Amino acid sequence: MGITKSIYGVNKDGAEVTKYTLKNKNGIEVSFIDSGAVITNIIVPDRDGVFEDIALGYNSIAQYEASVTYFGAPIGRYANRISGAKFVLNGKEYKLDQNDSTNCLHSGNLQYSCCMYNTEYNEDEDKIIFSRHSPDGEQGFPGNFDYSITYTLDNDNRLIIEYKAICDKDTIVNFTNHSYFNLGKGGHKCPDVLGQEVQIEADYYTPVNDILVPTGELKELAGTALDFREFKKLKDGIGKADAYGNIVTGYDYNFALRGDGKEGVKRAAQLRDSSTGRIMEMYTDLPGMQLFTANDMDIDNCKDGVHYGNFCGACFESQNFPNAINTEGFPDAVLKAGEQFKSTTIFCFKTF
Ligand code: G6D
């Protein structure tokens, strides 16, 4: 159905920020801004045809630029944690920002979601391409890294996110999108997702230490608070024990998705709300997914002036495993010089 655009605001450098909206034939709309290639709105119907914005977000560029919640944000060059904020590649040690205890979280202080992007699109098409050049050493990573993020909204109500990258040196890569979803009545204005149900295609998760770095094990989740093999309300897992008997006070775990990593894009997880009849499916070709439930959120004046509190949204961050570069046995995180990186994640919106 094409793209419309509008001026969203002015960023910290005084550059005009443009908002782009894709709309499909079913009336679903997804909007983005070229400051950060951030997803700002996802407007979908409920079972009665009431359209609401189910994506959490901010009210202004300044809030997005200062954000450490990563609403709608693409994350790179390496999403999730890297222990000790360092890694060794080809015998050389690379030091990163320590912005989360002694770890580097989501590539540190310079966020991909705070950079200005080039855009390519045709007004009558259903996709938009955001791209930029990440120079050698940016965020502490080796190599000149050229990457793009293509968002497509098709008439099957799928938001398709395609990541592409190429680097002139061996480097590491782990993209994700850190959108928070709330399928309840009011969408992102709904107070919490605790009554919403999650299903995840995983039999194992990667347990973490006290600073949220995976130990390197894969632990069975059957019968624990992390067991989402069948649909389960989030509130029915919170307060229950993980595989070690520790009480889960909120979800912030990486799930090892079923499969051998060679099947391509397959369904990884679902979120649904029985009161609105909204359901979201997430598909990916990546081996892991972080389920994060906004456990300590308390932010005023977000999008539409809404206050976001604890458990206000759920993130389904497709990813390689956290700290894979430093963990024997985890999937390879290295992108060889000149090799083309490609990865696809899809969010599909339905009603039931
Ligand atoms: C917390 O541990 C979590 C991260 O996984 C999340 O990405 C961030 O909050 C927003 O640090």
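First listed ligand is number 1; within each ligand, the first listed atom is number 1. Source: prediction; values computed, not measured.
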Q. What is the distance from atom CD of Gln319 to atom CD of Gln290, rounded to the nearest 0.5 Å?
A.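 Spacing of CD (Gln319) from CD (Gln290) equals 5.0 Å.
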Q: List for me each residue that meets ring pair (Phe, Tyr, Trp, His ring centres under 6.0 Å) alongside Tyr94, sequence neighbours excluded, and say none if there are none.
A: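 Applying ring pair (Phe, Tyr, Trp, His ring centres under 6.0 Å) to Tyr94 gives Phe87.
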**Q.** Residues in ring pair (Phe, Tyr, Trp, His ring centres under 6.0 Å) contact with Phe255, at least two apart in sequence or another chain
**A.**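 Scan of Phe255 (ring pair (Phe, Tyr, Trp, His ring centres under 6.0 Å), adjacent residues dropped) gives none.
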Q.
Is the positively charged end of Arg272 above the ring of Phe231, judged by distance under 6.0 angstrom from the centroid and angle within 45° of the axis?
A.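 So Arg272 does make the cation-pi contact.
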Q: Could you note down all residue pairs passing ring-ring contact (aromatic ring centres under 6.0 Å, His included) where residues 258-289 supplies at least one of them, sequence neighbours left out?
A: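 Output for this query is empty, none listed.
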(Q) Please output the residues near ligand 1 using a strict heavy-atom distance under 4.0 Å, listed in chain and residue-number order. (A)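 Its neighbours under 4.0 Å (heavy atoms only) are Val68, Tyr70, Arg81, Leu105, His106, His178, Tyr180, Leu212, Asp252, Phe292, given by chain and number.
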Q) Any chance the rings of Phe32 and Tyr20 have centres within less than 6.0 Å? A)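 Ring centroids of Phe32 and Tyr20 are no less than 6.0 Å from each other.
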